[in-house]
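A note on names: the letters A, B, ... follow the listed sequences, proteins ahead of strands, and every chain is numbered from 1.
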Amino acid sequence: MDAFFASVELLRRPDLRGEPLVIGGRGDPREAHHARGVVATATYEARAFGIRSGMPLREALRRCPQAHFLPVDFSAYTPVSARFKQLMRECSPLFEDRGIDEAYLDISALPSSSLETATGLKRAIGSATGLSCSVGIAPNKLLAKMASELDKPDGISILEAGDLERRIWPLPVRSLPGVGPRTGERLHQHSIATVGDLAAVSPTWLAHLIGSSHAAWLHGAANGRDERPVVTEREPRSRSAERTFAEDVADRRELARRLGALCIELAAELAAEGYAGRTVGIKLRFADFVTCTRDLSFAGWTADVRTLRRAAFECLKRVDLDRPVRLVGVRVSDLRRSAGAGDALGESLASAGGNQEFDFGP
DNA sequence: TCTGGGGTCCTCTAGCCG
DNA sequence: TCTGCGGCTAGAGGACCC
């Protein structure tokens, strides 16, 4: 979906159409208590000012003081997301969900041509949601994703076997899925600037640079190879909840209170979805942006809020809190489906809401 | 000076055990 | 009894993606 969050916002704020619009964080960075946030999506009008996803909202404001800023509102985006995914599933059951605004669809067995299928799907999504999307068609997921980036917004791109050298190899190496900021920087240090440059290096040499597993994937990808199937069903591996504070927290009790609240939030989500976990972990990010994690595993699976909170506090005890903290998070992993977990959890949630004893370090 | 929140997967290390 | 080694797991951190 094109500039998804921003496009959904424009459906209910048509007065902002044509204006630079930035979606991110809790809203307007001009308000001090909303200032800590990053850009989730920006309209093409805002991108013209150099605003990009992941950029601090304050930086976006600096680049475009006249921009409009709106908070991220998942409750508005989720139903639209469900609608376009439903249309895709009706097109082919070989559907892979890849997050709120993109998905893969295996259309190789359909009777119509790829172009006809894509055109029909775009039209159906457009009339159902009022939004545009960009479609990439190719022999595998990697190339389909890269194709979808070639003609944005509102485009259709078809990549065929012979198009690799002409259309993919000239692209910057960063445009290859799996090459993020770190890998991109390392490759650039060795004068590997384009996908074609990467395709030409020795796999052995690349393995020395970035590790064998990553190298095998990237070298294949640069040469257009991708054997990954379209995955139609997936069980979650972990659930987490984290929060960045409006102001850094130095007080242990305050930190424990925030962590306890996140445990309650997370336990409620696990209960609602019927999962229990075997490992609890916490995450702290200090004022200097250094992140630290601590994990604790149980013998069995639990979704009990008191157990989660006790474990989270045990983890917290193991951290040297010598600096103020800007973010705290809790995560439950090694998930299993838990039949009937909801009932037990309801009771423990009720008891957790009252006065809490904080069982943590000195 | 600034840097979200939700995830996944991988690597490395240390400890345990046969 | 000591040592080495491979397999396994837990824990910590890193990279990446939407």
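- Using a 4.5 Å cut-off on side-chain heavy atoms (C-beta onward), A:E102 and A:S148 make no contact.
- When the P atom of B:dG6 is taken as reference, atom CG of A:D73 falls 15 Å away, rounded to whole Å.
- Look at A:S213 and you won't find any side-chain N or O under 4.0 angstrom from OP1 or OP2 of B:dC9.
- Counting any heavy atom pair closer than 4.0 Å across all strands shown, A:A241 reaches sugar-phosphate atoms only and no base atom.
- Remark: P of B:dT8 and CZ of A:R331 are 10 Å apart, rounded to the nearest angstrom.
- The separation between A:E247 atom CD and B:dT1 atom P is 17 Å, rounded to whole Å.
- Screening residues 193-219 of chain A for side chain to side chain donor-acceptor pair (under 3.5 Å), with sequence neighbours left out, gives A:T194-A:D197.
- Applying the 90° cutoff around 0 to the glycosidic angle, B:dT1 is assigned syn.
- Dashed line: the shortest gap from a side-chain N or O of A:R285 to OP1 or OP2 of B:dT3 is not under 4.0 Å.
- Nearer to the 5' terminus of DNA chain B, by closest-nucleotide assignment, is the contact made by A:S240 (compared with the other of A:S240 and A:S212).
- In this structure, A:D101 has no salt bridge (Lys or Arg N to Asp or Glu O under 4.0 Å) partners at least two apart in sequence or on a different chain.
- Atom CG in A:D295 sits about 16 Å away from atom P in C:dT9, given to the nearest Å.
- Between the CG atom of A:D334 and the C1' atom of B:dC9 there is a distance of 15 Å, rounded to whole Å.
- Defined by atom type and a distance below 3.5 Å, a donor-acceptor pair is present between the side-chain atoms of A:R285 and A:T291.
- One atom, CG of A:L262, and another, P of B:dG4, lie 15 Å apart when rounded to the nearest Å.
- Considering only residues two or more places apart in sequence or on other chains, A:E254 meets the salt bridge (Lys or Arg N to Asp or Glu O under 4.0 Å) condition with A:R257, A:R258.
- Base orientation of C:dC2: anti, since the glycosidic angle falls outside 90° of 0.
- When each of A:E235 and A:L327 is assigned the nucleotide of DNA chain B with its nearest heavy atom, A:L327 is the one assigned upstream, toward the 5' end.
- Applying the 4.0 Å criterion to OP1 and OP2 of B:dC9, one finds that A:R234 has a side-chain N or O inside that range.
- For the OP1/OP2 pair of C:dG11 and a distance below 4.0 Å, the side-chain nitrogens and oxygens of A:R294 include no atom meeting the criterion.
- For A:S238 and B:dT8, the shortest distance from a side-chain N or O to OP1 or OP2 is below 4.0 Å.
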Atom pairs, protein N/O to nucleotides 16-18 of chain C N/O, distance under 3.5 Å:
unit_1 : atom_1 : unit_2 : atom_2 : d
C:dC16 : OP1    : A:G180 : N      : 2.9
C:dC16 : OP1    : A:T183 : N      : 2.8
C:dC16 : OP1    : A:T183 : OG1    : 2.3
C:dC16 : OP2    : A:P181 : N      : 3.3
C:dC16 : OP2    : A:R182 : N      : 2.8
C:dC16 : O5'    : A:G180 : N      : 3.3
C:dC17 : OP1    : A:G178 : N      : 2.4
C:dC18 : OP1    : A:E102 : OE2    : 3.0
C:dC18 : OP1    : A:K145 : NZ     : 2.6
C:dC18 : O3'    : A:D101 : OD1    : 2.6

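- Going from the C1' atom of B:dG15 to that of C:dG4 covers 16 Å, rounded to whole Å.
- Atom CZ of A:R323 sits in a crowded spot, with more than 12 heavy atoms from other residues, nucleotides or ligands closer than 6.0 Å.
- For A:Y77, the ring pair (Phe, Tyr, Trp, His ring centres under 6.0 Å) partners two or more places apart in sequence, or in a different chain, are A:F5.
- Closest approach to the A:R58 side chain among B:dC2, B:dG5, C:dA10 is made by B:dC2 (side chain taken as heavy atoms from C-beta onward).
- Per the geometry, CD1 belonging to A:I282 stands 19 Å off P belonging to C:dA10, to the nearest Å.
- Remark: A:D2 pairs with no residue by the salt bridge (Lys or Arg N to Asp or Glu O under 4.0 Å) rule, at least two apart or across chains.
- Minimum atom distance to the side chain of A:S297 is reached by C:dG11, of the listed B:dC9, C:dG11, B:dG6.
- Computed from coordinates, the A:E269 CD to B:dG5 C1' distance equals 11 Å when rounded to whole Å.
- Within the 4.0 angstrom heavy-atom criterion, only backbone atoms of the sugar-phosphate kind lie near A:R318; the bases stay farther away.
- Residue A:R326 places no side-chain N or O under 4.0 Å from the OP1 or OP2 atom of B:dC2.
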